[in-house]
Protein chains: 2
Amino acid sequence: MNSQDVILGVLMKRKLSGYDIKQLFETIFSYFYNASFGTIYPTLAKMEKEGLISKESIIQEGKPNKNVFTITEEGKRRFAAYIASPITPNELKSDFMMRMFFGEYTEADQIKEWLELGIQEQEAELHKLREDYKRYKPGMSVTQEICIRIGLAQVEATLLSLQEGYKRVLAKEADNQ
Amino acid sequence: MNSQDVILGVLMKRKLSGYDIKQLFETIFSYFYNASFGTIYPTLAKMEKEGLISKESIIQEGKPNKNVFTITEEGKRRFAAYIASPITPNELKSDFMMRMFFGEYTEADQIKEWLELGIQEQEAELHKLREDYKRYKPGMSVTQEICIRIGLAQVEATLLSLQEGYKRVLAKEADNQ
DNA sequence: CCAGACATGTAAACAGTTACATGATTAG
DNA sequence: CTAATCATGTAACTGTTTACATGTCTGG
């Protein structure tokens, strides 16, 4: 799975601009995928050159013009090839967990600060996902619900672990005094 | 956080070869970080040139020679700088969740197959993490326990969601017939 | 006899980010 | 007047993977 596959996927239903695609990445895909404009625009250009998508320029008033892309038959075949290909393993890079792993090389105050920040972030993420789920639920397919429920369950589990970890750090501190 | 930071971290306690580091990546770090030999060896070479680590060649019998690296004072300062830098956000790329998101473009049998595979993988991962936790628990720091408990909680949550999702897919199938 | 562990390294390719450049409109 | 939103694009850089190259020893 790379950005091209994801772009083909989002274009299956409706035509979109690069800007629109970035919006999707930052909202509904945020908890399992992301890509920057620096990836999106060159990828769209390459895909158009290869005939996977076609461009349509929309002249707008008061706003910059838009380049809207539609998937071609060739693009649909390419998307089907992605779907038929083996699933690649999840890739996670967690700086937060790395800090926890190397926690012995820093002060207890630093650890507490990291945990507090981590808890805040997961709380915000949980709130966002719950809002998204409520908002998009009516139009969601069964598998899209599976997807967001996995995301939700992961964030809930992480948050609980962090809160429990925070308590353990506090308990250990009290113990050492 | 990049490979260099992680390598500095693992060298804080003991000297290691590139091969040893790869072993660590595939065992204790597997659930939140990974890097290939193609990253590890060139990174070690670059770090030695910059004076962050020093090389020592160990001649072995019956096995290829080893290049064992030790962190320098400069390396320790660099590691401290990483620890003092802001935490970067988690990065997750999940092809599995992408397939679920685009599930409407494939057959129910395909979805079931993906879910079965996903469940198997998470069960295997859960088993591995539980074994690791049991094995390494005695020597683990509080924060290392926090780290593995997050990993464990995430896998458990994912597995439950997958199992629940699988049931939902089966129920929907029965419903449509 | 063959697979897998042990061990290092390089080159080509790929994917992706960050920062920059441009510029109008709108809301506070 | 300032920040945010809308909108596209490029160039330099970074990081990383994949595949190749090499070779011994051990266990089944």
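Order of the sequence lines fixes the chain letters, A, B, ..., with proteins taken first and strands second; residue numbering starts at 1 for each chain.
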Pick out which of K66(A), K15(A), R14(A) makes a salt bridge (charged side-chain N to carboxylate O under 4.0 Å, His left out) with D20(A).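 By the salt bridge (charged side-chain N to carboxylate O under 4.0 Å, His left out) criterion, D20(A) pairs with just one of K66(A), K15(A), R14(A): K66(A).
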Salt-bridge test for R168(A) and E164(A): reply yes if a basic N is under 4.0 Å from a carboxylate O, no otherwise.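 Here R168(A) pairs with E164(A) in a salt bridge, since their nearest N and O are under 4.0 Å apart.
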Run the salt-bridge test on K134(A) and E131(A) with the 4.0 Å N-O cut-off and return the result as yes or no. yes
Taking the side chain of K55(B) as its heavy atoms from C-beta onward, which of dT8(C), dG9(C), dA7(D) lies nearest to it?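 Output: dG9(C).
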Tell me: [atom1] of [X] to [atom2] of [N], nearest whole Å?
| X | N | atom1 | atom2 | answer |
| --- | --- | --- | --- | --- |
| L44(A) | dG9(D) | CG | C1' | 11 Å |
| E91(A) | dA15(C) | CD | C1' | 11 Å |
| K46(B) | dT14(D) | NZ | P | 9 Å |
| I21(B) | dA7(C) | CD1 | C1' | 13 Å |
| D95(A) | dT17(C) | CG | P | 16 Å |
| N67(B) | dC6(C) | CG | P | 17 Å |
| I59(B) | dA7(C) | CD1 | C1' | 14 Å |
| K22(B) | dA5(C) | NZ | P | 13 Å |

Under the criterion side chain to side chain contact (heavy atoms under 4.5 Å, CB included), I'd like the reasoning laid out for E50(A) against E74(A): C-alpha separation, chi angles, the key distance, then a yes or no. CA-CA 9 Å; E50(A) 286 178 20; E74(A) 179 58 23; over 6 Å; no
Return the orientation label for the [X] and [Y] ring planes: parallel under 30°, perpendicular over 60°, tilted otherwise.
| X | Y | result |
| --- | --- | --- |
| Y41(B) | F37(B) | parallel |
| F79(B) | Y82(B) | tilted |
| F32(B) | F101(A) | tilted |

Restricting both atoms to N or O, compile the protein contacts to nucleotides 21-25 of chain C shorter than 3.5 Å, with distance only.
from    : atom 1 : to     : atom 2 : distance (Å)
dT25(C) : O4'    : G62(A) : O      : 3.4

Using heavy-atom distances to pick each residue's nearest nucleotide on DNA chain C, tell me which of P42(B) and N65(B) is more 5'. N65(B)
What's touching nucleotides 16-20 of chain D from the protein side, N or O pairs under 3.5 Å?
from    : atom 1 : to     : atom 2 : distance (Å)
dT16(D) : OP1    : K93(A) : NZ     : 3.4
dT16(D) : OP2    : S3(B)  : OG     : 3.1
dT17(D) : OP2    : S36(B) : N      : 2.9
dT17(D) : OP2    : S36(B) : OG     : 2.9
dT17(D) : OP2    : T39(B) : OG1    : 2.7

Set of side chain to side chain contact (heavy atoms under 4.5 Å, CB included) partners for E113(A), sequence neighbours left out: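 Checked E113(A) against side chain to side chain contact (heavy atoms under 4.5 Å, CB included); matches are Q110(A).
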For K128(A) and E125(A): C-alpha separation, side-chain torsions, deciding distance, then whether salt bridge (Lys or Arg N to Asp or Glu O under 4.0 Å) applies. CA-CA 5 Å; K128(A) 186 198 163 283; E125(A) 181 66 16; 5.2 Å; no
